[in-house]
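Here's the structure we're looking at; comments come further down.
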Protein chains: 2
Amino acid sequence: MTKTADGKMGDGKTGEAPTMNDVARRAGVSAMTVSRALKEGSHVSKATRERITQAINELGYVLDQSAGSLSSRRTGFVAAIIPSINNSNFSDTARGITDALEGTGLQLLLGYTNYSVEREEELIEAMLRRRPEGIILTGGAHTPRGRRMLEQAGIPVIETWDTPADPIDKVVGFSNGAAMELLVETLAAKGYERFGYIGGTTARDTRGSQRRGGFVRALERLGLPSDRVISFGVPPISMEQGAQAVVSMLERWPDTQVALCVSDLSAFGALMECQRRGMKVPDDIAIAGFGDYEIAACCHPRMTTINVDCYGIGRQAALKLTQTIQGMATEEPERITLTDFRVVEREST
Amino acid sequence: MTKTADGKMGDGKTGEAPTMNDVARRAGVSAMTVSRALKEGSHVSKATRERITQAINELGYVLDQSAGSLSSRRTGFVAAIIPSINNSNFSDTARGITDALEGTGLQLLLGYTNYSVEREEELIEAMLRRRPEGIILTGGAHTPRGRRMLEQAGIPVIETWDTPADPIDKVVGFSNGAAMELLVETLAAKGYERFGYIGGTTARDTRGSQRRGGFVRALERLGLPSDRVISFGVPPISMEQGAQAVVSMLERWPDTQVALCVSDLSAFGALMECQRRGMKVPDDIAIAGFGDYEIAACCHPRMTTINVDCYGIGRQAALKLTQTIQGMATEEPERITLTDFRVVEREST
DNA sequence: ACCTGTGATGTTATCGCTATCATCAATAGG
DNA sequence: CCTATTGATGATAGCGATAACATCACAGGT
């Protein structure tokens, strides 16, 4: 591999990238000392450190962490897998993870599945090949092979956004079903009786089907009709699909008093569609969402929804991860952490 | 390193993770053959491959790619740095990248800066330490040190979402200023004369300030007043800030006919706020956004905006990257690719 | 002056994999 | 039947860093 004018960098130096040895030679020290100089809390004399820093700058050297992690057996990153980056609930969780990782020397490697467990399996494998020090997943539904890989990986695994019946390792989440039940109860207490539900078609979105389950359970318990369920579109369902779904719902059950939606996005679509048709919300029909996205607090009328501590889920998951990784002399963190949710009542109900 | 009961995995096997040598021993072949069996297009006999596959399954072996890439000098990933994952424009770009990478054996490592160039610099360094085979950035504004690192990295660098005056390497983007000019011209042609602009305060968001620049330029060219500019909040400005900004604007210049916003999100906030105050859009005031987010097509009234090919930016950036990486015997791809944008006229103007 | 502890550095041996070259058998071509 | 070609496999030598141990100099206590 002596080929050289191959890097094709616009300008700047040509040739192979400098290694730690190049730096060491230039600074007149051994590679080991360079390695130490690049690490916090190592004993390197001030003069030497300065020479090394200078050599690094002159050469434009950048540490090769992949080589380092092979040797130190620490890759310095954790993996997180979320359904979609294009959903602010999950990206809030990702922010929570990043923030909690700040200062731990760990970096986040993010992947997204588009709500597909098959894609999740691929991602799990791709991630594990890079030897993360821990992995955070969304939900408790995995392929059998994905699950097996996680169990055998020998790293802490955290499932989030859910309360799986049979967790792989640790969990930070809440019961989506219970949250929806609470919403139904809150609204029933206000006098609503004829509830409709708008969600996606398949069981692909496990959180979605749990929400639907909660909807049905709560109504049955209250002795109210629980059959007004519209399944529309492949999850995650969009604003536009929410709009279309509410139309179907009103055609089929014109006297529906309140439409609960699997997420704020579809709820928003429904809300706008109702206004477009000249219906008054909440007088003609009430609408509530799930997730407390930015849009729920800002639309007109402002929307009732379930607030979920998305950011906190990420933060706590990452915290639990770093605690486990660092061994935490004292004790292992709790296996299961339940996060808060609450009904946010606004003008749309 | 004989310590063993240390992995602390919930259940499953204990002990060190199996290596390729363990697999090789179990399958009765050499490690090299295992390595070949794990790679497409290598000559391994069917019988051997089966034995190896079986051994892999029995041991639960997962390839250690970080060791592999040290040896092969190919890490198999590309880095992308975006301002925010919580913004569907950029996450669409990320999707475009992922999709274009599909089947190339390259994986995406995503980082986000929260619109901070300092954070970008940190991320660039963190990424380069892992030796990506290429890197995709958002915008052309970097710290001097960040820029230097990119220039010296010896890998293809693609700046996107912008048309930097002095690109580092390759570019896939569009002129944010020109796009805003086009929007102003389109609306001026409909007869609007008193334009206002709502955006963030600082120059931190370079795309935002270019849009503002385009707004001013177009109005000056048309001989219309260009001073109705509200700067509100640190970019990226939220829906809520858009709502507050439009209030300031109407207090200061009550006869404003049309409010252009730095993004659909702030435009949406403004739109809702106007309705809350009983103003009719577009009769009392027209509103337009930028970005053509999902919300623009779905809100009521539907919003006029600039559609930008976010997904295409990602796709083309990744394509250009893989072409460069693979050498493309024939020729280097174009240095600069301009992507499309267009005005989408809807009911809000 | 002697011992000890500590800071600053170097040496050596991997980490787990793959590039490369070498080997040997089987197949094909003349 | 002999040589050239290809396929299947193995042996060896790193890739670029760091862990672990080894030195060596020097400060301080007695």
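These values consider heavy atoms only, across backbone and side chains, with no hydrogens, waters or symmetry-generated copies. So you know, we letter chains A, B, ... as the sequences are listed, proteins then strands, and number each from 1.
Near DNA chain C, meaning a heavy atom under 4.0 Å away, the residues from residues 20-30 of chain A are A:V29, A:S30.
Heavy-atom contacts from other residues, nucleotides or ligands closer than 6.0 Å to CZ of B:R315 number 12 or fewer. Counting non-hydrogen atoms of other residues, nucleotides and ligands closer than 6.0 Å to CD of B:E125 gives a total above 12.
Recorded end-axis angle for the helix from C:dA1-D:dT30 to C:dG30-D:dC1 stands at 20°, based on five pairs per end and rounded to 10 degrees.
Within the 4.5 Å cutoff, the side chain of B:L110 has no heavy atoms near those of the B:Y112 side chain.
Relative to the side chain of B:H43, the nucleotides C:dT9, D:dA19, D:dG7 differ in distance, and D:dG7 lies closest. The side chain of B:M32 sits closest to C:dT18 out of C:dT18, D:dT9, D:dG16. Side-chain proximity of B:L70 to C:dC17, C:dT9, D:dG16: nearest is D:dG16. When distances run from any side-chain atom of A:R73 to the nucleotides C:dC15, D:dG16, D:dT18, the shortest one goes to C:dC15.
Along DNA chain D, the nucleotide closest to B:S42 and the one closest to B:S72 are compared, and the more 5′ of them pairs with B:S42. A residue-by-residue look at B:A67 and B:A31 shows that B:A31 has its nearest nucleotide of DNA chain D further toward the 5' end.
On a pure distance criterion of 3.5 Å, a polar donor-acceptor pair joins the side chain of B:S71 and the base of C:dT18. On a pure distance criterion of 3.5 Å, no polar donor-acceptor pair joins the side chain of A:R131 and the base of C:dG16.
A salt bridge between B:K170 and B:E159 is absent, with no side-chain N of the basic residue lying under 4.0 Å from a carboxylate O of the acidic one. Checked for salt-bridge contact, A:R147 and A:E151 meet the test: a charged N lies under 4.0 Å from a carboxylate O.
Nucleotide D:dG16 holds its P atom 14 Å from the CG atom of A:L59, rounded to whole Å.
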